[in-house]
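Atoms within a ligand are numbered from 1 in the order they appear, just like the ligands themselves.
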Amino acid sequence: MLRDETAMLIRRMLGKDIDRVMAIAASLKEAPHWTRDVYEKALASAAVPERIALIVEAGGEAVGFAVASLIPPQAELETIAVIPELQRQGTASRLFRELMIELQERQITEVILEVRESNQTARALYHSLGFIETGRRRSYYADPQEDAVLLRRDVS
Ligand SMILES: CC(C)(COP(=O)(O)OP(=O)(O)OC[C@H]1O[C@@H](n2cnc3c(N)ncnc32)[C@H](O)[C@@H]1OP(=O)(O)O)[C@@H](O)C(=O)NCCC(=O)NCCS
């Protein structure tokens with residue numbers, strides 16, 4: 001799978017990307033800060049649950065990524081992140097569109113996710129992508145403690 005959209009390339013995340021992906025995540029307070037071990041397990045071909053992990057590259061360098069876990073017929077969008085310099089230029093939306101193509105190919109019918117109540121940027125992204133709120137998990141997150149907002153959308 002290889003897709004080029006206006007000089008951006010979206011491709012599968014590989015083991016060699018983990019350092020850069022961890023650096024991007026570390027630069028973004030709201031992104032999940034997974035350890036190397038978690039990324040390695042997620043990328044393993046026998047990973048349970050199976051993951052789809054995508055990278056968006058610009059100028060030959062990874063500038064964003066998304067990871068979804070598959071629990072057919074559902075997928076959970078676990079993380080999506082873009083470097084600050086390329087935010088608000090449609091990068092995450094492109095990544096998500098590509099992810100949806102992959103999910104459709106695997107007969108996934110619904111994407112779910114949870115997001116910190118205070119993460120207004122991510123919530124605005126998800127709203128723009130057609131996600132609908134389905135509920136809350138009270139005090140789900142720590143540091144600071146706050147609710148998780150649960151969202152869903154069909155794969156179509
Ligand atoms: C959330 C995030 C991935 C969005 O990436 P992005 O590439 O900037 O998103 P897009 O440019 O595709 O935005 C698409 C739409 O989302 C909404 N949106 C995105 N960022 C927004 C912001 N800062 N304020 C308001 N709306 C915003 C808008 O509707 C936008 O469309 P528009 O620019 O035409 O108005 C990025 O801000 C990020 O990496 N945040 C830190 C990590 C994080 O919180 N990830 C989510 C939890 S894992």
Using a strict cut-off of less than 4.0 Å between a Lys/Arg side-chain nitrogen and an Asp/Glu carboxylate oxygen, indicate whether Arg12 and Glu102 qualify as a salt bridge.
yes

Check whether any side-chain heavy atom of Val63 lies under 4.5 Å from a side-chain heavy atom of Glu57, and answer yes or no.
no

State whether the shortest distance between N or O atoms of Ala31 and N or O atoms of ligand 1 falls below 3.5 angstrom.
no

Could an N or O of ligand 1 be found under 3.5 Å from any N or O of Ala92, whether backbone or side chain?
yes

Atoms of ligand 1, numbered as shown, that sit under 4.0 Å from any heavy atom of Thr91
7 (O), 11 (O), 12 (O)

What is the nearest protein non-hydrogen atom to atom 38 (C) of ligand 1, stated with its residue, atom name and distance?
Gln87 NE2, 3.4 Å

Where the closest heavy atom to atom 41 (C) of ligand 1 is concerned, which of Glu30, His127, Glu114 has it?
Glu30

Return a yes/no value: protein heavy atom under 4.0 Å from atom 34 (O) of ligand 1?
no

Heavy-atom proximity to atom 13 (O) of ligand 1, best of Ile80, Leu129, Leu95, Leu125
Leu125

Any N or O of Ser93 closer than 3.5 Å to N or O of ligand 1:
yes

Quickly, which of Glu114, Glu146, Glu117 forms a salt bridge (charged side-chain N to carboxylate O under 4.0 Å, His left out) with Arg137? Name it, please.
Glu114

With atoms numbered from 1 as shown, which atoms in ligand 1 lie under 4.0 angstrom from a non-hydrogen atom of Thr79?
48 (S)

Of all protein heavy atoms, the one nearest atom 15 (C) of ligand 1 is Ser128 OG, 3.3 Å

How far is atom 26 (N) of ligand 1 from its nearest protein heavy atom, and which residue and atom is that?
Ala124 CB, 3.3 Å

For residues Gln145 and Tyr141, determine if any side-chain heavy atom of one lies less than 4.5 Å from a side-chain heavy atom of the other.
no

Is the shortest distance from a Lys or Arg side-chain nitrogen in Arg152 or Glu133 to a carboxylate oxygen in the other one below 4.0 Å?
no

For ligand 1, is there an N or O atom under 3.5 Å from any N or O atom of Asn119?
yes

Please check whether Gly90 reaches ligand 1 - meaning an N/O of the residue sits under 3.5 Å from an N/O of the ligand, judged on distance alone.
yes

Between Gln89 (side chain only) and Glu85 (backbone N and O only), is there a donor and an acceptor less than 3.5 Å apart?
yes

Protein heavy atom at shortest distance from atom 39 (O) of ligand 1:
Val82 N, 2.9 Å

Can you sort out which atoms of ligand 1 are near Pro32, meaning under 4.0 Å from one of its heavy atoms?
48 (S)

Ala122 heavy atoms within 4.0 Å reach ligand 1 at atoms 1 (C), 46 (C)

Give me the residue, atom name and distance of the protein heavy atom closest to atom 30 (C) of ligand 1.
Arg88 NE, 3.8 Å

Do Thr91 side-chain atoms and Leu86 backbone N/O form a donor-acceptor pair below 3.5 Å?
yes

Which of the atoms of ligand 1 are close to Tyr126, meaning less than 4.0 Å from one of its heavy atoms?
46 (C), 47 (C)

Classify the ring geometry between Trp34 and Tyr39 as parallel (under 30°), tilted (30 to 60°) or perpendicular (over 60°).
tilted

Considering all heavy atoms, the nearest Leu43-Gly15 contact:
CD1-N, 3.9 Å

For Arg153, enumerate each residue passing the salt bridge (Lys or Arg N to Asp or Glu O under 4.0 Å) test, keeping only those at least two apart in sequence or located in another chain.
none

So the atoms of ligand 1 within less than 4.0 Å of a heavy atom of Gln89 turn out to be 11 (O)

Ligand 1 atoms in contact with Thr121 (distance to a heavy atom under 4.0 Å):
20 (N), 21 (C), 22 (C), 23 (N), 37 (O)

Looking at Gln87 and Val82, would you say the former's side chain and the latter's main chain have a donor-acceptor pair under 3.5 Å?
yes

Under-4.0 Å salt bridge between Arg116 and Asp147:
no

